[in-house]
There are 2 protein chains.
Amino acid sequence: MSPPTPDRPVAADQLRASVFAALGDATRLSLVNRLADGQPRSIAQLSEGYPLTRQAITKHLGVLESAGILHRVRSGRESLYEFDAGPMRDLSTYLEAVSRQWYAALSRLKAFIAENP
Amino acid sequence: MSPPTPDRPVAADQLRASVFAALGDATRLSLVNRLADGQPRSIAQLSEGYPLTRQAITKHLGVLESAGILHRVRSGRESLYEFDAGPMRDLSTYLEAVSRQWYAALSRLKAFIAENP
DNA sequence: GCCATAGGCAACTAAAGGGTTGCACATCGA
DNA sequence: TCGATGTGCAACCCTTTAGTTGCCTATGGC
């Protein structure tokens with residue numbers, strides 16, 4: 001391993017980035033919002049209310065599934081998609097950590113300035 | 001106001017999606033990580049350690065700036081970028097709300113099942 | 001005033017993304 | 001059994017994105 005390089009894009013970044021990217025589309029965010037009530041829905045159901053074809057929605061669902069945000073369960077002739085909060089909780093934790101790090105650094109800076117005339 | 005229930009893509013989704021999209025790249029995540037210590041850095045500094053050209057990094061920084069995650073401050077001949085925790089805090093709040101909504105719905109479902117033999 | 005350094009701008013390429021259409025296939029229900 | 005419904009698959013299109021190269025401008029230091 002290369003010793004001292006904690007900064008270059010690492011595996012963890014790749015993983016998070018793929019989840020962020022999956023959420024980086026208004027249609028997909030909307031789909032997630034609908035499924036966050038815990039009730040699984042079919043592709044046909046999820047396609048209702050969008051000015052898009054069923055195929056387009058299918059692709060979006062595929063992206064969300066690849067990111068682990070949704071799971072697909074076949075039931076008879078339909079594919080039901082259900083929400084999984086795990087990945088989004090992870091992101092939330094990560095974002096919280098970064099924000100906290102920033103606030104902490106800022107506080108230290110302020111303290112330093114206050115103590116040095 | 002934020003607990004999301006919108007059915008189709010709405011303005012709020014567009015805004016959040018753009019921030020999510022900005023974070024949906026490993027290189028950009030890495031840049032954010034570096035700047036989250038609160039210390040502004042120049043493009044040249046930020047370009048170090050990546051197998052990319054300075055121009056590529058410049059573009060990434062532009063994306064992050066457009067999303068409001070970074071701010072640019074010109075200082076002499078260099079452009080300093082500094083971190084702003086606001087957008088990421090918003091996302092964290094949003095993700096937390098969605099997760100909470102899901103857990104709540106799941107709890108209700110369990111309770112319902114327990115009460116109906 | 002000179003030169004090295006830091007950035008900005010523009011044009012270009014390759015690949016990924018978002019979307020569509022067309023068609024084949026499985027399954028449900030009367 | 002038969003038609004309607006729900007999906008899957010593939011090919012295709014257009015736009016965006018990630019990245020490069022080349023060149024020109026501004027600034028800082030000596």
Side-chain angles (χ1 to χ4, degrees), chain A residues 8-10 13-35 39-82, chain B residues 8-10 13-35 39-82:
Chain A
R8 235 186 339 248
V10 216
D13 285 332
Q14 299 281 357
L15 272 179
R16 287 198 198 94
S18 69
V19 183
F20 275 124
L23 296 175
D25 179 282
T27 300
R28 288 198 289 269
L29 268 188
S30 169
L31 288 168
V32 167
N33 287 339
R34 282 169 91 168
L35 285 165
Q39 186 184 10
R41 291 177 176 79
S42 71
I43 297 181
Q45 283 179 300
L46 290 169
S47 296
E48 292 171 6
Y50 296 97
L52 300 177
T53 62
R54 174 182 54 84
Q55 301 297 343
I57 301 295
T58 297
K59 285 193 182 179
H60 282 305
L61 292 170
V63 172
L64 290 167
E65 189 192 7
S66 296
I69 299 170
L70 302 183
H71 293 139
R72 181 172 55 166
V73 182
R74 289 224 59 156
S75 166
R77 67 178 158 183
E78 40 190 20
S79 274
L80 300 181
Y81 280 91
E82 58 186 18
Chain B
R8 68 206 72 188
V10 138
D13 285 331
Q14 298 281 358
L15 272 179
R16 288 197 198 94
S18 70
V19 183
F20 275 124
L23 297 174
D25 178 283
T27 300
R28 287 197 290 268
L29 266 189
S30 168
L31 289 167
V32 167
N33 287 339
R34 282 170 90 169
L35 286 165
Q39 188 185 10
R41 290 176 178 79
S42 71
I43 297 181
Q45 282 178 301
L46 291 169
S47 297
E48 292 172 7
Y50 296 97
L52 300 177
T53 62
R54 173 181 54 86
Q55 301 296 344
I57 301 296
T58 297
K59 285 193 181 180
H60 282 304
L61 292 171
V63 172
L64 290 168
E65 188 191 8
S66 296
I69 299 169
L70 302 182
H71 294 138
R72 180 173 56 165
V73 182
R74 289 225 59 155
S75 166
R77 66 176 158 183
E78 38 190 22
S79 274
L80 301 181
Y81 280 91
E82 58 186 17

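Below, chain A is the first sequence line, B the second, and so on; all start at residue 1.
For A:Ser79, whose side chain is taken as the heavy atoms from C-beta onward, the closest listed nucleotide among D:dT20, C:dG8, D:dG8 is D:dG8. Residue B:Arg54 places its side chain closer to C:dG8 than to any other of C:dG8, C:dT20, D:dT7. Closest approach to the A:Asp25 side chain among C:dG18, D:dG19, D:dG8 is made by C:dG18 (side chain taken as heavy atoms from C-beta onward).
Checking side-chain atoms of B:Arg28 against main-chain N and O of B:Ala22 turns up a donor-acceptor pair under 3.5 Å. No donor-acceptor pair closer than 3.5 Å links the side chain of A:Glu78 to the backbone N or O of A:Ser75.
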Audit row: A:Ile69, A:Leu23, side-chain contact (heavy atoms from CB on, under 4.5 Å) steps and yes/no | CA-CA 9 Å; A:Ile69 299 170; A:Leu23 296 175; 3.7 Å; yes
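Within residues 55-63 of chain A, the residues having any heavy atom closer than 4.0 Å to DNA chain C are, in order of number, A:Gln55, A:Ala56, A:Lys59, A:His60.
Per the geometry, CD1 belonging to B:Ile43 stands 13 Å off C1' belonging to C:dT5, to the nearest Å. Distance CG (B:Leu23) to C1' (D:dA18): 17 Å, rounded to an integer number of Å. One atom, CD of B:Glu48, and another, P of C:dG7, lie 10 Å apart when rounded to the nearest Å. Atom C1' of nucleotide C:dC28 and atom CG of A:Leu80 are separated by 15 Å, given to the nearest angstrom. C:dA4 atom P lies 19 Å from atom CD of B:Glu78, rounded to whole Å.
Residues B:Leu70 and B:Glu82 form no side-chain contact, since every pair of their non-hydrogen atoms from C-beta on lies 4.5 Å or further apart. Looking only at side-chain heavy atoms (C-beta outward), B:Thr27 and A:Asp13 stay at 4.5 Å or farther from each other. Between B:Arg41 and B:Leu35, the closest side-chain pair of non-hydrogen atoms falls below 4.5 Å. A 4.5 Å side-chain heavy-atom check between A:Ile43 and A:Ser47 finds at least one atom pair inside the cut-off. Between A:Leu29 and B:Phe20, some side-chain heavy-atom pair lies under the 4.5 Å cut-off. With a 4.5 Å cut-off on side-chain heavy atoms, A:Asp25 and A:His60 count as touching.
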With a 3.5 Å cut-off and sequence neighbours excluded, list the donor-acceptor pairs that the side chains of residues 61-68 of chain B form with protein atoms.
residue	atom	partner	partner atom	Å
B:Ser66	OG	B:Gly62	O	3.0

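What you find for B:Tyr50 and B:Ser30 is that their closest heavy atoms are OH-OG, 2.6 Å. In terms of heavy atoms, A:Leu80 sits closest to A:Pro40 at CB-CB, 4.3 Å.
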So which protein nitrogen or oxygen atoms get under 3.5 Å of nucleotides 13-16 of chain C's nitrogens or oxygens?
none

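For B:Thr27, no side-chain nitrogen or oxygen approaches OP1 or OP2 of D:dA18 to under 4.0 Å. OP1 or OP2 of D:dG8 sits under 4.0 Å from a side-chain N or O of A:Arg72. Side-chain N/O atoms of A:Thr53 include one lying less than 4.0 angstrom from OP1 or OP2 on C:dT20.
To the nearest 0.5 Å, atom OG of residue A:Ser42 and atom CZ of residue A:Arg74 are 11.5 Å apart.
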How does protein contact run along nucleotides 25-30 of chain D, one letter per nucleotide 5' to 3', with B for base contact, S for sugar-phosphate only, - for none, heavy atoms under 4.0 Å?
-> --BS--
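Rotation axes derived from the C1' atoms of the five outermost pairs at either end of the helix from C:dG1-D:dC30 to C:dA30-D:dT1 lie 30° apart, to the nearest 10°.
Residues that satisfy the side chain to side chain donor-acceptor pair (under 3.5 Å) test with A:Arg16, not counting sequence neighbours, are absent from this structure.
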